[in-house]
Undergrad: 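Below are the structure tokens for one structure; questions will follow.
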Amino acid sequence: MRLLVTGAAGFIGSHFVRHRVRAGDNVIALDALTYAGTETNLADVRDRITFVHADIADAEQVLRDHRVDVIVNFAAESHNSLAILDPGRFFRTNVLGTQALLEAARQVGVERFHHISRCEVYGDLALDAEQAFTEDSPYRPRTPYNASKAGSDHAVRAYYETFGLPITITNCANNYGSHQFPEKVLPLFTTNALDELGLPASLKQEVPDRPGHDRRYLLDSTKIRRELGWEPLVEFDAGVRETVRWYANNRTWWEPLRDRSPVTEGAWHAG
Ligand SMILES: NC(=O)c1ccc[n+]([C@@H]2O[C@H](COP(=O)([O-])OP(=O)(O)OC[C@H]3O[C@@H](n4cnc5c(N)ncnc54)[C@H](O)[C@@H]3O)[C@@H](O)[C@H]2O)c1
């Protein structure tokens with residue numbers, strides 16, 4: 001299969017590229033290389049893919065140069081904290097960028113446009129709620145990031161309903177694992193702990209919670225289990241242990257990236 005994977009130099013996109021290359025697909029990996037993307041994430045498959053440094057908003061020529069069967073759209077601004085400080089860039093990439101990519105897909109024709117969304121478009125749940133989100137839960141985003149992801153979902157659906165573009169959307173929960181940018185909670189805590197271990201507790205800093213912070217998410221995975229036979233291959237405890245070990249063994253990956261992060265937690269209060 002010929003795939004265009006966008007956001008391919010980011011955390012999940014680069015894992016997906018590695019997975020599909022191993023499965024024998026022909027992958028065009030596209031990424032704008034924002035602060036969150038790095039080509040080193042693709043180093044081990046670099047000679048087996050075509051890498052294109054481009055914005056999803058400018059993908060039409062890329063699609064004309066490299067005919068593909070399927071587009072998998074991971075490209076996004078993805079950090080809730082940054083979205084509080086600079087919401088405009090989230091709507092530009094996540095809504096307008098996705099719409100431009102959809103339009104390019106419509107112009108050249110593809111077998112499928114798969115869009116990666118997230119469960120935060122459904123809002124949050126009470127800590128003691130019995131309820132879990134399903135594919136039919138109403139959209140109720142609470143932050144600029146989540147509203148921009150919800151907007152992108154609506155654009156994707158509209159291209160199916162109005163133009164018949166074949167689309168699928170997945171709304172997954174939080175991911176964790178190797179190569180996640182060190183601004184996100186698990187790598188942030190892990191890398192800080194790796195630097196702090198054995199130091200005085202006074203180094204710990206409490207930051208005010210982010211405005212609009214969602215308290216809890218829970219996804220009902222019945223549909224994907226029933227229709228695709230999906231099940232987790234790695235239990236959470238083992239996965240977290242493996243992830244922490246990866247960060248401990250790969251300082252050369254995360255130390256330079258940490259300095260590129262454009263936001264310090266709690267900065268919204270200072271402003
Ligand atoms: N990480 C999670 O827990 C999680 C959970 C659910 C859904 N998602 C979604 O999965 C996707 C990937 O998330 P991630 O955690 O890998 O994010 P990430 O920030 O690690 O990667 C995003 C990538 O997109 C690229 N990018 C940003 N703007 C672009 C643009 N305009 N054009 C082309 N490339 C651009 C960045 O350079 C980066 O490489 C996102 O759509 C995100 O909303 C993430």
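Start at 1 and go down the list; that is how both ligands and their atoms are numbered.
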Undergrad: Does at least one non-hydrogen atom of Ser117 fall below 4.0 angstrom from an atom of ligand 1?
TA: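 Yes, that is the case, since the closest heavy atom of the residue is under 4.0 Å from the ligand.
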Undergrad: For atom 14 (P) of ligand 1, state which one of Thr34, Asn174, Ile12 supplies the nearest heavy atom.
TA: Ile12
Undergrad: Should Arg2 and Asp25 count as an ion pair when the cut-off is N to O under 4.0 Å?
TA: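 Result for this pair is no, no salt bridge flagged.
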Undergrad: Check this for me - ligand 1, Lys184, N or O atoms closer than 3.5 angstrom, yes or no?
TA: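 No.
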Undergrad: Among all the protein's non-hydrogen atoms, which is closest to atom 4 (C) of ligand 1, and how far away is it?
TA: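 So the nearest neighbour among protein heavy atoms is Arg118 NH1, 3.3 Å.
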Undergrad: Given 3.5 Å as the limit, does a donor-acceptor pair link the side chain of Arg142 with the main chain of Gly212, or not?
TA: yes
Undergrad: What protein heavy atom sits nearest atom 9 (C) of ligand 1, and how far off is it?
TA: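 Answer, as residue, atom name and distance: Ile116 CG2, 3.8 Å.
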Undergrad: Going by an N to O cut-off under 4.0 Å, is there a salt bridge joining Arg258 and Asp195?
TA: yes
Undergrad: Say whether Leu30, considering both its backbone and side-chain N or O atoms, lies within less than 3.5 Å of an N or O atom on ligand 1.
TA: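 No: no nitrogen or oxygen of Leu30 is under 3.5 Å from one in ligand 1.
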Undergrad: One thing to verify: whether Arg157 and Glu161 come together as a salt bridge, which I'm taking to mean a side-chain N less than 4.0 angstrom from a carboxylate O.
TA: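 Here Glu161 does not pair with Arg157 in a salt bridge, since their nearest N and O are not under 4.0 Å apart.
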Undergrad: Any salt bridge between Arg106 and Glu103, counting N to O under 4.0 Å?
TA: yes
Undergrad: Tell me the nearest of Gly10, Ala54, Ala8 to atom 21 (O) of ligand 1, using heavy-atom distances.
TA: Gly10
Undergrad: Would you say Ile56 has any N or O atom under 3.5 Å from an N or O of ligand 1, going by distance alone?
TA: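 Indeed, backbone or side chain, Ile56 has an N or O that close.
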Undergrad: Geometry only, no angles: is Cys172 polar-contacting ligand 1 at N/O separations under 3.5 Å?
TA: no
Undergrad: Just heavy atoms, cut-off under 4.0 Å: does Thr6 contact ligand 1 by side chain, backbone, both, or neither?
TA: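 Neither part.
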Undergrad: When you look for heavy atoms under 4.0 Å from ligand 1, do you find them on the side chain of Lys149, its backbone, both, or neither?
TA: side chain
Undergrad: Over 60° means perpendicular and under 30° means parallel, so tell me whether His179 and Trp246 are parallel, tilted or perpendicular.
TA: tilted
Undergrad: Using 30° and 60° as the class limits, which term best fits the ring planes of His19 and Phe16: parallel, tilted or perpendicular?
TA: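 Ring orientation of His19 relative to Phe16: tilted.
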Undergrad: Tell me which one of Gly177, Gly13, Ala36, Ala76 gets a heavy atom nearest to atom 22 (C) of ligand 1.
TA: Ala76
Undergrad: Show which atoms of ligand 1 fall inside a sub-4.0 Å distance from at least one heavy-atom site of Ala75.
TA: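 Once the distances to Ala75 are compared, the set is 24 (O), 33 (C), 34 (N), 35 (C).
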Undergrad: Taking both backbone and side-chain atoms of Asn175, is any N or O found less than 3.5 Å from an N or O belonging to ligand 1?
TA: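 Yes: some nitrogen or oxygen of Asn175 is under 3.5 Å from one in ligand 1.
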Undergrad: If we only consider heavy atoms of Gly97, is any one of them less than 4.0 Å away from an atom in ligand 1?
TA: no
Undergrad: Taking 4.0 angstrom as the limit and counting only heavy atoms of Ala9, give me the atoms of ligand 1 inside it, by number and element.
TA: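 Result: 39 (O).
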Undergrad: Would a line drawn from the ring center of Phe236 to the ring center of Tyr176 be shorter than 6.0 Å?
TA: yes
Undergrad: What's the shortest distance from atom 18 (P) of ligand 1 to any protein heavy atom, and which residue and atom give it?
TA: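 The closest one turns out to be Ser78 OG, 3.6 Å.
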Undergrad: For the residue pair Phe90 and Tyr145, categorise the inter-ring angle as parallel (less than 30°), tilted (30 to 60°) or perpendicular (more than 60°).
TA: perpendicular
Undergrad: List the steps and the verdict of side chain to side chain donor-acceptor pair (under 3.5 Å) for Ser178 and His15.
TA: CA-CA 9 Å; Ser178 71; His15 277 285; 3.3 Å; yes
Undergrad: Which residue and non-hydrogen atom of the protein lie closest to atom 20 (O) of ligand 1, and at what distance in Å?
TA: Phe11 N, 3.0 Å
Undergrad: Measure Tyr145 to ligand 1 on non-hydrogen atoms and call it side chain, backbone, both or neither using the 4.0 Å cut-off.
TA: side chain
Undergrad: Answer yes if the ring centres of Tyr139 and His154 are under 6.0 angstrom apart, and no otherwise.
TA: yes
Undergrad: In terms of side-chain geometry, is the basic nitrogen of Arg46 or Glu39 positioned less than 4.0 Å from the acidic oxygen of its partner?
TA: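 The answer is yes: the pair qualifies as a salt bridge.
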Undergrad: Would you mind listing which atoms of ligand 1 come within a distance below 4.0 Å of any non-hydrogen atom of Gly37?
TA: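 Going through ligand 1 atom by atom, the ones under 4.0 Å from Gly37 are 37 (O), 38 (C), 39 (O).
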Undergrad: For ligand 1, which part of Ala57 has a heavy atom less than 4.0 Å away: the side chain, the backbone, both, or neither?
TA: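 Contact part for Ala57 vs ligand 1: neither.
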Undergrad: Please evaluate residues Asp128 and Arg215 with respect to the criterion salt bridge (charged side-chain N to carboxylate O under 4.0 Å, His left out), reporting the C-alpha separation (whole Å), side-chain torsions for both, the decisive distance (0.1 Å), and the verdict.
TA: CA-CA 10 Å; Asp128 58 354; Arg215 291 280 151 189; over 6 Å; no
Undergrad: Could you say whether the N/O atoms of Ala32 and ligand 1 ever approach to under 3.5 Å?
TA: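 There is such a contact, yes.
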Undergrad: Could you go through Asp220 and Thr222, starting from their C-alpha distance and side-chain angles, then the distance that decides it, and tell me whether this counts as side chain to side chain donor-acceptor pair (under 3.5 Å)?
TA: CA-CA 6 Å; Asp220 180 338; Thr222 305; 2.4 Å; yes
Undergrad: With a 4.0 Å cut-off on heavy atoms, is Ala173 touching ligand 1?
TA: yes
Undergrad: Give me the residue, atom name and distance of the protein heavy atom closest to atom 40 (C) of ligand 1.
TA: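 That would be Phe74 O, 3.2 Å.
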Undergrad: With heavy atoms of Leu33 as the reference, note each atom of ligand 1 found under 4.0 Å away.
TA: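 Every atom of ligand 1 under 4.0 Å from some heavy atom of Leu33: 37 (O).
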Undergrad: Among Asp31, Thr38, Val121, which one has a heavy atom closest to atom 38 (C) of ligand 1?
TA: Asp31
Undergrad: In terms of the angle between their ring planes, are Phe133 and Tyr217 parallel, tilted or perpendicular, with boundaries placed at 30° and 60°?
TA: tilted
